[in-house]
Amino acid sequence: MKAAYITQIGGPEVITYGELPDPKPTRRQCLIQVGAVDVNPIDLYIRSGAIQAKLSFPFILGRDLAGTVKEVGASVKGFKVGDRVWGTNQGTDGRPGTFAEWAAVDERWLNLTPPTVSDEEMAALSLVAVTAHIGLVHYGNVKPGDVLFVNGGSGGVGSSVVQMAKILGARVIATAGSDAKAEICRQLGADLAINYQTEDVDAAIKAFAPKGVNVWWESLREPNFERTIPLLASRGRMLIMAGRDARPTFPVGPFYVKECSLHGFAMFNASARDQRSAANAINRWLSEGKLKARIDRVLPLSESAEAHRLQEQSTIQKSGALAGKIVLKP
Ligand SMILES: NC(=O)c1ccc[n+]([C@@H]2O[C@H](COP(=O)([O-])OP(=O)(O)OC[C@H]3O[C@@H](n4cnc5c(N)ncnc54)[C@H](OP(=O)(O)O)[C@@H]3O)[C@@H](O)[C@H]2O)c1
């Protein structure tokens with residue numbers, strides 16, 4: 001099969017698009033003809049060595065996939081040949097990645113794709129939507145009437161956070177780096193979209209939520225607690241999910257007197273069972289037309305190296321080139 005893989009860590013140029021042996025499904029695995037995959041920032045960290053992962057080379061990149069089951073192992077119970085499926089959290093813990101024409105995936109990581117949703121949309125949502133669900137429901141405990149703030153509402157994770165927070169009944173404030181992206185945030189459901197390049201973000205938050213923000217979703221890798229804790233409401237919850245190297249100062253006084261809490265989390269730690277429960281909600285909301293993928297562009301899988309370059313410029317170097325996900329098609 002054709003696959004995008006690496007044989008060493010390094011820049012995007014270490015990505016090879018070439019032939020690898022077809023995978024053979026074990027008893028609990030489904031063999032999937034991959035319809036679409038997408039790029040996540042964690043793919044960049046693994047490829048570059050920024051995260052020291054145990055990799056066995058050749059290592060196929062990619063966390064997410066959507067496609068069609070073509071063969072099932074003898075013990076597979078939940079899926080049959082012809083089912084359209086999606087999954088995330090591959091390419092870790094010894095599981096190969098997804099950037100290939102075929103993938104053999106344990107059924108516990110798979111979910112049915114709703115009939116009205118394309119493979120491109122499903123791949124674009126998978127990791128980011130599961131992340132948003134785990135953060136908002138498990139850690140954020142978002143309730144109707146809460147004010148939720150998210151930095152980067154048109155980004156990969158942010159676009160799912162905006163939509164899901166609205167579904168859960170929150171009033172949503174999102175930031176964006178341009179007027180066009182602020183408009184995308186409004187279309188996704190944000191009640192207030194602030195252009196962080198041209199507007200006073202803190203003043204806009206205070207005007208919208210005089211009692212403060214109940215749930216603060218920080219998607220930046222450099223959280224600024226000096227700034228954000230004063231903007232939290234009493235018993236406000238702050239979620240952090242990025243910034244392995246960040247060592248910001250933490251204003252203890254303003255934090256504890258308001259009885260705030262801070263939750264860090266990484267979606268890859270969630271068990272297959274917890275991810276399935278997030279996936280069930282995602283599928284329900286997709287079927288009801290309440291949740292939509294935010295796709296920036298679709299490229300052929302052969303352009304994986306270019307896709308990594310673009311994602312790196314946008315997420316790490318903050319070029320702002322992307323508004324949502326890069327989807328790749330084998
Ligand atoms: N812990 C987990 O489970 C988990 C899961 C997924 C991702 N992550 C991490 O979360 C981070 C975001 O991932 P992603 O996929 O959403 O990346 P992304 O699609 O590149 O989104 C990044 C967002 O940050 C916004 N942004 C950049 N500079 C900003 C600024 N100065 N002020 C406000 N917003 C700003 C961007 O907004 P503009 O484009 O409008 O500038 C964009 O919406 C990455 O570091 C990733 O590794 C963690």
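Since this is a predicted model, take the numbers as computed values, not measurements. As the structure lists them, so they are numbered: ligands from 1, and atoms in each ligand from 1.
- Close contacts between ligand 1 and Leu127 involve ligand atoms 5 (C), 6 (C) [criterion: under 4.0 Å to a heavy atom].
- For atom 26 (N) of ligand 1, the closest non-hydrogen atom of the protein is Leu220 CD2, 3.6 Å.
- By the 3.5 Å distance cut-off applied to N or O atoms, Gly156 is counted among the residues near ligand 1.
- Between Leu148 atom CG and Trp216 atom CH2 the span is 10.0 Å, to the nearest 0.5 Å.
- Cation-pi contact between Arg237 and Tyr139: absent, since separation from the ring centre below 6.0 Å together with deviation from the ring axis within 45° is not met.
- For the residue pair Thr249 and Glu226, a side-chain donor N or O sits within less than 3.5 Å of a side-chain acceptor on the partner.
- For Gly153, no nitrogen or oxygen atom sits less than 3.5 Å from a nitrogen or oxygen atom of ligand 1, counting backbone and side chain alike.
- Interface atoms of ligand 1 facing Ala176, defined by a heavy-atom separation under 4.0 Å, are 40 (O).
- Residue Lys181 has at least one N or O atom closer than 3.5 Å to an N or O atom of ligand 1.
- Residue Met241 has at least one heavy-atom neighbour below 4.0 Å for each of these atoms of ligand 1: 1 (N), 2 (C), 4 (C), 7 (C), 8 (N), 9 (C), 10 (O), 48 (C).
- Every atom of ligand 1 with a heavy atom of Gly177 under 4.0 Å away is listed here by number and element: 38 (P), 40 (O), 41 (O).
- Protein heavy atom in closest approach to atom 31 (N) of ligand 1: Tyr196 CE1, 3.6 Å.
- Remark: ligand 1 atoms within the under-4.0 Å shell around heavy atoms of Thr175 are 33 (C), 34 (N).
- From the protein, the heavy atom lying nearest to atom 20 (O) of ligand 1 is Thr315 OG1, 2.6 Å.
- Going from atom NZ of Lys325 over to atom CD of Gln311 covers 6.0 Å, rounded to the nearest 0.5 Å.
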Q. Taking it one step at a time, do Thr198 and Asn195 satisfy side chain to side chain donor-acceptor pair (under 3.5 Å)?
A. CA-CA 6 Å; Thr198 57; Asn195 181 335; 3.3 Å; yes

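- Distance check for atom 44 (C) of ligand 1: a protein heavy atom is found below 4.0 Å.
- Residue contacts with ligand 1 for Ile134 are absent, since no atom lies close enough (heavy atoms, distance under 4.0 Å).
- For Gly155, a nitrogen or oxygen atom sits less than 3.5 Å from a nitrogen or oxygen atom of ligand 1, counting backbone and side chain alike.
- Ligand 1 places these atoms under 4.0 Å from at least one heavy atom of Arg221: 45 (O).
- The protein non-hydrogen atom at the shortest distance from atom 25 (C) of ligand 1 is Gly152 CA, 3.7 Å.
- Atoms of ligand 1 found under 4.0 Å from any heavy atom of Tyr45, numbered from 1 in the order shown, are 44 (C), 45 (O), 46 (C), 47 (O).
- Atom 11 (C) of ligand 1 has Ser219 O, 3.5 Å as its closest protein atom, hydrogens excluded (heavy atom only).
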Q: Output, in order, the C-alpha distance, side-chain angles, deciding distance and verdict of side chain to side chain donor-acceptor pair (under 3.5 Å) for Asn283 and Asn111.
A: CA-CA 9 Å; Asn283 275 1; Asn111 313 285; 5.7 Å; no

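- Looking at ligand 1, you'll find an N or O of Met267 within less than 3.5 Å of one of its N or O atoms.
- Crowding of Arg28 atom CZ: a count of heavy atoms from other residues, nucleotides or ligands under 6.0 Å not exceeding 12.
- Heavy-atom proximity to atom 6 (C) of ligand 1, evaluated over Val157, Asn224, Ile194, Asp43, is greatest for Val157.
- Contact atoms of ligand 1 toward Ala242: 9 (C), 10 (O), 11 (C), 45 (O) (distance under 4.0 Å to a heavy atom of the residue).
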